[in-house]
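Step one of this worksheet: look at the structure below.
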Amino acid sequence: MTTLLIVEDDVSLNKGIALTLAQDGIEIEQAYDLDAAERRFAKGGIDLIVLDVNLPDGSGLDFCEKIRRTSQVPVIFLTANDMESDIVLGFELGGDDYITKPFSLMVLRSRVMAVLRRSRSYYEERLTIGPLELDFGKMEFRKRGLSLSLSKTEQKLLKVLVSHRGQILTREQLMDRVWDREAEFVDENALTVTVKRLRAKIEDNPAAPVYIKTVYGLGYVWSEGAGDEKKD
């Protein structure tokens with residue numbers, strides 16, 4: 001399940017965007033000001049943000065700059081500011097696309113899907129994080145040059161965690177992403193077991209993990225290496 005967060009104070013436009021982007025496999029969450037957006041983002045599990053620049057309680061540009069300190073989640077700006085300097089600033093602060101108002105909802109949908117495809121393909125490439133070499137495309141994984149044998153479920157869990165590094169993912173979000181449509185039929189203990197097995201393979205000391213950390217009462221977060229990975 002892919003989760004999109006729409007941050008737009010115009011209620012009618014927000015609803016219109018939500019209806020346009022809603023489809024199988026995509027969950028829409030909505031916020032109408034920065035405070036609500038920041039609270040929802042802090043919970044984790046967001047795969048892309050459609051972000052208005054001019055909000056009643058602040059600037060979407062400032063929010064994007066704050067996001068980029070901890071996360072590479074794609075951000076698409078929406079704004080009536082169409083000056084070249086405004087667009088350049090949006091990209092410099094970490095935006096992935098910049099759409100000026102008025103705009104076609106279908107064009108917005110196409111550009112959202114394009115950014116999602118680029119984001120997904122990024123994580124299918126080879127990543128090096130510390131002693132770990134992760135190649136999700138070839139399904140080859142190594143630690144200090146030695147091959148790691150990961151089950152399909154462990155690979156899915158690893159990919160979800162790395163793709164949302166620095167973000168807390170709840171147990172429910174992980175169950176949905178790892179087991180997809182079968183999640184409701186899978187015992188929640190399966191996640192605990194899969195995390196334990198994955199830690200045993202990638203952590204130097206599974207009892208004191210530096211990669212997959214437990215956030216008690218919430219879920220898990222990929223911690224060490226955020227921002228230090230290399231893309232080959």
Side-chain angles (χ1 to χ4, degrees), residues 2-22 26-125 127 129 162-168 221-223 225-231:
T2 297
T3 302
L4 310 184
L5 175 61
I6 303 169
V7 187
E8 166 61 61
D9 63 309
D10 184 318
V11 176
S12 296
L13 180 56
N14 196 317
K15 290 181 178 178
I17 294 171
L19 288 172
T20 301
L21 297 179
I26 291 183
E27 178 181 346
I28 304 296
E29 302 218 8
Q30 296 165 272
Y32 300 95
D33 54 39
L34 276 182
D35 180 62
E38 289 178 351
R39 283 187 281 108
R40 175 57 192 89
F41 180 74
K43 294 179 180 179
I46 298 298
D47 298 293
L48 182 144
I49 301 175
V50 177
L51 178 60
D52 187 15
V53 170
N54 300 308
L55 291 159
D57 54 346
S59 169
L61 295 171
D62 293 337
F63 183 37
C64 181
E65 186 175 22
K66 182 178 180 180
I67 289 171
R68 284 292 172 262
R69 295 172 192 165
T70 60
S71 172
Q72 292 301 312
V73 61
V75 174
I76 297 178
F77 286 117
L78 297 180
T79 179
N81 303 341
D82 58 359
M83 296 289 290
E84 181 178 293
S85 57
D86 295 322
I87 297 173
V88 169
L89 179 60
F91 283 115
E92 287 180 344
L93 291 177
D96 294 88
D97 204 347
Y98 193 103
I99 301 175
T100 57
K101 301 176 181 178
F103 56 85
S104 160
L105 286 172
M106 294 312 296
V107 169
L108 169 63
R109 182 180 183 279
S110 296
R111 292 170 79 163
V112 166
M113 294 302 113
V115 171
L116 279 176
R117 285 194 298 272
R118 291 198 297 270
S119 175
R120 288 165 180 160
S121 66
Y122 171 83
Y123 291 113
E124 289 172 358
E125 296 179 0
L127 300 176
I129 303 177
V162 171
S163 296
H164 296 82
R165 57 198 181 280
Q167 295 183 42
I168 299 170
V221 61
W222 182 274
S223 179
D228 296 332
E229 69 283 348
K230 299 176 183 178
K231 185 176 68 172

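When every heavy atom of Q167 is checked against every heavy atom of S71, the shortest pair comes out as NE2-OG, 2.9 Å. When every heavy atom of C64 is checked against every heavy atom of G95, the shortest pair comes out as SG-N, 4.0 Å.
A donor-acceptor contact shorter than 3.5 Å is absent between the side chain of D9 and the backbone of Y32. Remark: the backbone N or O of I76 is not paired with any side-chain donor or acceptor of D96 at under 3.5 angstrom. Proximity of a side-chain donor or acceptor of R111 to a complementary backbone N or O of L108 within less than 3.5 Å is not detected.
A heavy-atom distance below 4.5 Å is not found between the side chains of K101 and V53. Between L78 and V50 the shortest side-chain heavy-atom distance falls below 4.5 Å. Inter-residue side-chain proximity for E29 and T3 is flagged as met; some heavy-atom pair is nearer than 4.5 Å. Taking 4.5 Å as the limit, some side-chain heavy atom of I17 sits within range of a side-chain heavy atom of F103. Within the 4.5 Å cutoff, the side chain of D86 has no heavy atoms near those of the T79 side chain. Looking at heavy atoms from C-beta onward, R109 lies in side-chain contact with M106 at the 4.5 angstrom threshold. L4 has its side chain within reach of I28: a pair of non-hydrogen atoms, C-beta onward, lies under 4.5 Å apart. Side-chain contact between V73 and L5 is absent, with no heavy-atom pair separated by less than 4.5 Å.
Here the OG1-CG distance, from T100 to D82, works out to 5.5 Å after rounding to the nearest 0.5 Å. One finds the CG atom of L48 at 9.5 Å from the CG atom of D97 (value rounded to the nearest 0.5 Å). Note that CG of D47 and OG of S163 are 8.5 Å apart. Values are rounded to the nearest 0.5 Å. E27 CD to I46 CD1: the interatomic distance, rounded to the nearest 0.5 Å, is 8.0 Å. For the atom pair CG of D52 and CD of E8, the computed distance is 4.0 Å after rounding to the nearest 0.5 Å. The CE atom of M113 lies 8.0 Å from the OG1 atom of T2; values are rounded to the nearest 0.5 Å.
Note: F63 and F41 have perpendicular aromatic rings, judged against thresholds of 30 and 60 degrees for the angle between ring planes.
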Given R40 and V7, is the side chain to side chain contact (heavy atoms under 4.5 Å, CB included) satisfied, shown in steps? CA-CA 10 Å; R40 175 57 192 89; V7 187; over 6 Å; no

- Just do the side chain to side chain contact (heavy atoms under 4.5 Å, CB included) check on Y98 and N81 with the steps written out, would you? CA-CA 10 Å; Y98 193 103; N81 303 341; 3.8 Å; yes

Return a table of donor-acceptor pairs under 3.5 angstrom between the side chains of residues 54-62 and protein atoms on other chains or two or more places apart.
unit_1, atom_1, unit_2, atom_2, d
D57, OD1, L34, N, 2.9
D57, OD2, L34, N, 3.3
D57, OD2, D35, N, 3.0
S59, OG, L61, N, 3.0

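The number of heavy atoms from other shown groups lying within 6.0 Å of NZ (K15) does not exceed 12.
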